[in-house]
Asker: 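Here's a structure for you.
Along the sequence shown, residues are numbered consecutively beginning with 1. Note that the structure is predicted; figures quoted are calculated from it, not measured.
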Amino acid sequence: MAAAVGRLALWLTCRVPVDRDIARRVIAPYLYWRRHRERRPAVTTRQYSSDSKDDLTVRYLDGEDAGIVVVGINRPKAKNSISKTLVKMMFEAVEDIKKNNKVRSVILCSLVPGIFCAGADLKERAKMAQNEVGPFVSKARALITELDNLSVPTIAAIDGAALGGGLEMALACDIRIASSSAKMGLVETKLAIIPGAGGTQRLPRVIGVSLAKELIFTARIVDGKEAYRLGLVNHSVEQNDSGDAAYLHALELAREINPQGPIAVRMAKLAINQGIEVDLSTGLAIEEACYAQVVPTKDRLEGLAAFKEKRRPHYKGE
């Protein structure tokens, strides 16, 4: 590993003008993932619970869908609101996903019909002392940042209301799919507060500054069709009788991602996420650094061989 880091540092020094910054922001996360991938055995599937009474269920799909992880929020009485317990469980779920090199995509959804997540658990919040509120919001913000930082593609399936912190969770995902009847909004100003888990930063990056200001200032709620028009979601689908149209569409999308080279997908996500925050010249250097990581992989050679032999490639993430 030390030799590999040395070679990479030399490559960056010779070819990338912003070597230290890019090494820190682009290569370091990749090496961290590789280190865990090489040293840890494959993580055994952890089912938090199959009991519908529990707040979170994590399913690692198998068969043709192996590599897809479905994270389902299940707090029907609280409208899937974000509690201390849910934050803790989601942190654990994200940590497990990060350590499992077989994961290729994650779907965040709800197991409660008609609701995605209603935001913070205000009943729990009302019982908190004033000095407890800040640390809890910080922890929720950190959770959403961890979700944002997952190296694999993440898809939010919004089959119902996603308000406040619920929409902030969805904004941290790479792709959002909503049913046409879903309701979305950052409604915090109604409570004389502001979005505190990334909403003021991620929403403008998704739909533009002026539209984000309008939605946040007015606490406006939009449906799935309007969200699609605004660019807030990638797809709006008509809801079905079982109330899971967005989830089914998300699953189809995850199945499209599944056969692609997993390291290539991770590197593409990293290049996009880091490059969008900098000028074009630096972004191109970031792309070059990420491209260098896929060149020596066995998957790249498998892709070329499959193309030559006119067959479907079988990528292993190596």
Side-chain angles (χ1 to χ4, degrees), residues 68 70-73 79-82 105-119 144 147-148 150 152-190 194-195 197-258 260 265 268-269 272-273 275-277:
I68 302 172
V70 180
V71 179
I73 306 173
K79 297 183 178 180
N80 283 354
S81 58
I82 302 168
S105 62
V106 175
I107 298 173
L108 178 62
C109 66
S110 166
L111 302 182
V112 180
I115 191 78
F116 177 77
C117 173
I144 292 174
L147 179 63
D148 194 359
L150 278 174
V152 297
T154 52
I155 308 169
I158 307 170
D159 272 307
L163 305 174
L167 182 55
E168 287 177 305
M169 277 201 293
L171 286 167
C173 294
D174 299 309
I175 297 167
R176 284 161 296 284
I177 298 170
S179 66
S180 55
S181 59
K183 304 296 182 184
M184 286 157 275
L186 295 178
V187 297
E188 286 83 354
T189 55
K190 282 187 177 180
I194 69 170
T200 63
Q201 302 306 304
R202 292 191 178 94
L203 186 61
R205 285 167 166 79
V206 171
I207 67 172
V209 173
S210 293
L211 283 173
K213 285 179 177 178
E214 181 178 338
L215 292 187
I216 292 172
F217 294 170
T218 62
R220 185 179 303 153
I221 296 173
V222 300
D223 63 18
K225 291 180 180 178
E226 178 69 2
Y228 176 72
R229 189 186 69 80
L230 294 173
L232 177 54
V233 299
N234 297 61
H235 304 278
S236 174
V237 294
E238 289 298 322
Q239 189 56 281
N240 57 27
D241 292 338
S242 54
D244 61 354
Y247 167 72
L248 293 177
H249 196 87
L251 184 58
E252 288 303 314
L253 184 55
R255 286 169 175 160
E256 283 189 61
I257 294 170
N258 232 19
Q260 317 313 323
V265 171
K269 175 172 176 174
I272 294 167
N273 284 359
I276 202 68
E277 301 293 340

Asker: Please find the pair of heavy atoms, one from Cys117 and one from Met169, that lie closest to each other, and give the distance.
Answerer: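 Closest pair (atom of Cys117, atom of Met169, distance): SG-CE, 3.8 Å.
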Asker: For Met184 and Ala178, which heavy atoms make the closest approach, and how far apart are they?
Answerer: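 Shortest heavy-atom separation between Met184 and Ala178 comes out as CE-CB, 3.8 Å.
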Asker: Would you indicate whether Lys269, at its atom NZ, is surrounded by more than 12 heavy atoms from other residues, nucleotides or ligands within a distance under 6.0 Å?
Answerer: yes
Asker: Would you say the side chain of Pro204 lies within less than 4.5 Å of the side chain of Val209, judging by non-hydrogen atoms?
Answerer: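 Heavy-atom side-chain distance check passes, below 4.5 Å.
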Asker: How close do Glu168 and Ala197 get, counting heavy atoms only, and between which atoms?
Answerer: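 Heavy atoms only, the tightest pair is OE2-N, 2.9 Å.
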Asker: For the residue pair Val265 and Pro153, what are the closest heavy atoms and their distance?
Answerer: CG1-CG, 3.3 Å
Asker: Taking Ser179's backbone N and O only, do any of them form a donor-acceptor pair with Glu238's side chain (distance below 3.5 Å, no angle check)?
Answerer: no
Asker: Could you tell me whether a side-chain N or O of Asp223 sits under 3.5 Å from a main-chain N or O of Ala227, the two making a donor and an acceptor?
Answerer: no
Asker: Please round to the nearest 0.5 Å and tell me the distance separating atom CD1 of Ile115 and atom NZ of Lys79.
Answerer: 6.5 Å
Asker: Rounded to the nearest 0.5 Å, how far does NE2 of His249 lie from OG of Ser236?
Answerer: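 It comes to 9.5 Å.
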Asker: Quick one: does Arg205's side chain have a donor or acceptor within less than 3.5 Å of a partner on Gln201's backbone?
Answerer: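 Checked: pair present.
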Asker: Considering only NZ, NE, NH1 and NH2 on the basic side and carboxylate oxygens on the acidic side, decide whether Glu226 and Arg220 come within less than 4.0 Å.
Answerer: no
Asker: Take Cys109 and Val70 through the side-chain contact (heavy atoms from CB on, under 4.5 Å) test and state the conclusion after the steps.
Answerer: CA-CA 7 Å; Cys109 66; Val70 180; 3.7 Å; yes
Asker: Applying side-chain contact (heavy atoms from CB on, under 4.5 Å) to Asn80 and Ser110, what does each step give before you reach the verdict?
Answerer: CA-CA 8 Å; Asn80 283 354; Ser110 166; 2.8 Å; yes
Asker: Is it true that a side-chain atom of Asp174 and a backbone atom of Thr154 form a donor plus acceptor pair closer than 3.5 Å?
Answerer: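 Looks like yes, one N/O pair under 3.5 Å.
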Asker: Leu251 and side chain to side chain contact (heavy atoms under 4.5 Å, CB included): which partner among Ile177, Ile155, Ile107, Asp244?
Answerer: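 Among Ile177, Ile155, Ile107, Asp244, the one that satisfies the side chain to side chain contact (heavy atoms under 4.5 Å, CB included) with Leu251 is Ile107.
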Asker: Quick one: OG on Ser180 to NZ on Lys225, what's the gap to the nearest 0.5 Å?
Answerer: 5.5 Å
Asker: Drop me the distance from Leu203's CG to Leu186's CG, to the nearest 0.5 angstrom.
Answerer: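 These two atoms lie 5.5 Å from each other.
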Asker: The test is side-chain contact (heavy atoms from CB on, under 4.5 Å); show your working for Val112 and Ile73 and say whether it passes.
Answerer: CA-CA 8 Å; Val112 180; Ile73 306 173; over 6 Å; no
Asker: In Å and rounded to the nearest 0.5 Å, what is the CZ to CG distance from Phe116 to Leu108?
Answerer: 4.0 Å
Asker: Ignoring hydrogens, what is the shortest heavy-atom contact between Ile207 and Leu230? Give both atom names and the distance.
Answerer: CG2-O, 3.5 Å
Asker: Any side-chain to backbone donor/acceptor pair from Arg176 onto Leu232? Under 3.5 Å, distance only.
Answerer: yes
Asker: With distance as the sole test, does Gln260 use its side chain to make a donor-acceptor pair with the main-chain N or O of Glu256 at under 3.5 Å?
Answerer: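 Yes; judged by distance alone, with no hydrogens or angles, the pair exists.
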Asker: Taking all heavy atoms of Leu215 and all of Thr218, pick out the closest pair and write down the distance.
Answerer: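 Heavy atoms only, the tightest pair is O-OG1, 3.5 Å.
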Asker: Is Asp159 reaching over with its side chain to a backbone N or O of Ala246, donor-acceptor style, under 3.5 angstrom?
Answerer: yes
Asker: Going from CG on Asp148 to CD1 on Ile144, what distance comes out if it is rounded to the nearest 0.5 angstrom?
Answerer: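 Those atoms lie 9.5 Å apart.
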